[in-house]
Enquirer: 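Have a look at the structure that comes next, please.
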Protein chains: 2
Amino acid sequence: MRTPSHPRPQELELPNVLHALSDPVRLEIVRALDGGSELACSCLGPPVSKSTLSHHLKVLRESGITSTRAEGTQRLVSLRTEDLEACFPGLLGCVLSGLDRQAV
Amino acid sequence: MRTPSHPRPQELELPNVLHALSDPVRLEIVRALDGGSELACSCLGPPVSKSTLSHHLKVLRESGITSTRAEGTQRLVSLRTEDLEACFPGLLGCVLSGLDRQAV
DNA sequence: CGGGTCGTTCGAAGCTTTTCGAAAGATCAA
DNA sequence: TTGATCTTTCGAAAAGCTTCGAACGACCCG
């Protein structure tokens, strides 16, 4: 299983990033990754089928929000915190704290 | 022409707000409103048909990003800067500066 | 009242998104 | 090799989004 390709930092586009963040399932995934942990697909997100989860991870990866790395039979997913901070300073933090605020 | 209804601050939802901001036409509208000006529909956004513009303004309004006020035959649209800041601190600013950064 | 301007709503076309189960691919362990 | 595990891809259904023109509604000025 190969590590898939990721957009380069200068290729990140704001509408894509915002769109990727506008889905509740994907927000949940982003929240689970907050803190810098590198998690396998099976640890992420609310209960959806594995094909659905795979789809959402693809959207996050292709928008530049997450990074996915092959490790044996697993895929380890993490946030591209630094690249996001360089492209859209503060954005990820705002979204995460907005999430917490609404999590109630 | 009546002033339409708007969601209350506590009703703003992060996925809705992010979705509303994830469209290039709507981002353009938000950028035009940045600075606090109150603009008529006809002053906003890239060249799209008026029904399309009306639709995008409705999405922005219903997500809580903009406020629309009737003034004679016009509708004056403005950003709900304070409400957004209260619900999702920093978000609007990040998005606007990210926009500038990509505007090139 | 009549006509003009501003904006919304309706109806529709084309495209994308979300979701799932079934099947296939990749890796490891025995 | 065979089987088990983890994940992606395929195919498909249902829902939603973006866009437009045409029609309508609200308001203002002569």
Side-chain angles (χ1 to χ4, degrees), chain A residues 1-7 13-33 37-78, chain B residues 1-7 13-33 37-78:
Chain A
M1 211 177 268
R2 281 201 221 106
T3 293
S5 74
H6 296 74
E13 294 190 12
L14 186 56
N16 290 346
V17 170
L18 294 172
H19 173 253
L21 291 172
S22 72
D23 179 279
V25 175
R26 291 192 292 261
L27 278 176
E28 207 45 55
I29 293 171
V30 169
R31 167 146 60 186
L33 292 171
S37 31
E38 218 184 1
L39 299 176
C41 296
S42 47
C43 304
L44 292 169
V48 291
S49 74
K50 40 191 193 143
S51 49
T52 300
L53 181 59
S54 190
H55 162 71
H56 285 304
L57 289 171
K58 184 178 183 187
V59 173
L60 286 169
R61 174 166 28 84
E62 291 184 344
S63 73
I65 292 171
T66 59
S67 166
T68 298
R69 169 170 87 78
E71 175 78 30
T73 148
Q74 298 193 126
R75 303 284 195 114
L76 296 181
V77 182
S78 56
Chain B
M1 210 178 270
R2 279 201 222 106
T3 292
S5 73
H6 297 73
E13 294 189 14
L14 186 57
N16 290 346
V17 169
L18 293 172
H19 174 254
L21 291 172
S22 72
D23 179 278
V25 174
R26 292 193 291 262
L27 278 176
E28 206 46 55
I29 293 172
V30 169
R31 168 146 61 185
L33 291 170
S37 30
E38 216 183 3
L39 298 176
C41 297
S42 46
C43 304
L44 292 170
V48 292
S49 74
K50 44 189 191 150
S51 50
T52 300
L53 182 58
S54 190
H55 162 72
H56 285 304
L57 289 171
K58 185 178 182 185
V59 173
L60 287 169
R61 174 165 29 82
E62 291 183 345
S63 73
I65 292 171
T66 60
S67 165
T68 299
R69 168 170 87 78
E71 176 79 30
T73 147
Q74 299 193 124
R75 302 282 195 117
L76 298 181
V77 181
S78 55

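Each chain gets a letter, A, B and so on, in the order the sequences are listed, and its residues count up from 1.
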Enquirer: Measure CG/Leu44(A) against C1'/dT7(D) and give the value in whole Å, please.
Expert: 12 Å
Enquirer: According to side-chain hydrogen bond (donor to acceptor under 3.5 Å, both in side chains), who are the partners of Thr52(B), at least two apart in sequence or on a separate chain?
Expert: Ser49(B)
Enquirer: Once side-chain hydrogen bond (donor to acceptor under 3.5 Å, both in side chains) is applied, do any residues pair with His56(A), and if so which ones, sequence neighbours excluded?
Expert: Arg26(A)
Enquirer: Spell out protein contact along nucleotides 15-20 of chain C as letters: B when the base is contacted, S when just the sugar-phosphate is, - when no protein heavy atom is under 4.0 Å; keep the 5' to 3' order.
Expert: ---BBB
Enquirer: Among dT9(C), dC6(C), dT7(D), which is the nearest nucleotide to the side chain of Cys41(A)?
Expert: dT7(D)
Enquirer: Report yes if at least one side-chain N or O of Ser42(B) is closer than 4.0 Å to OP1 or OP2 of dG7(C); otherwise report no.
Expert: yes
Enquirer: Just the rounded figure in Å: distance from P of dT7(D) to CD of Gln74(A).
Expert: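 So the CD-P distance, Gln74(A) to dT7(D), works out to 5 Å.
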Enquirer: Side chains of Glu62(B) and Pro4(B): does their closest heavy-atom pair fall under 4.5 Å?
Expert: no
Enquirer: Nearest whole Å is fine: how far is dG16(D) C1' from Lys58(B) NZ?
Expert: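 Atom NZ in Lys58(B) sits about 14 Å away from atom C1' in dG16(D).
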Enquirer: Return the value, rounded to whole Å, for the distance between atom CG of Leu76(B) and atom C1' of dT5(C).
Expert: 15 Å
Enquirer: Can you check the Leu57(B) CG to dT9(C) P distance for me, whole Å?
Expert: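 Going from Leu57(B) (CG) to dT9(C) (P), I get 12 Å.
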Enquirer: Any side-chain N or O of Arg75(B) less than 4.0 Å from the OP1 or OP2 oxygen of dT8(C)?
Expert: yes
Enquirer: List in chain and number order the residues that pass side-chain hydrogen bond (donor to acceptor under 3.5 Å, both in side chains) with Glu28(B), two or more places apart in sequence or in another chain; answer none if no residue qualifies.
Expert: Arg31(B)
Enquirer: In whole angstrom, what separates Arg61(B)'s CZ from dT8(C)'s C1'?
Expert: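 My rounded result for the distance is 9 Å.
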Enquirer: Got a sec, which residues hit side chain to side chain contact (heavy atoms under 4.5 Å, CB included) with Ser63(A), two or more places apart in sequence or on another chain?
Expert: Asn16(A), Ala20(A), Ile65(A)
Enquirer: Tell me the salt bridge (Lys or Arg N to Asp or Glu O under 4.0 Å) pairs involving residues 37-54 of chain B, sequence neighbours left out?
Expert: Glu38(B)-Arg69(B)
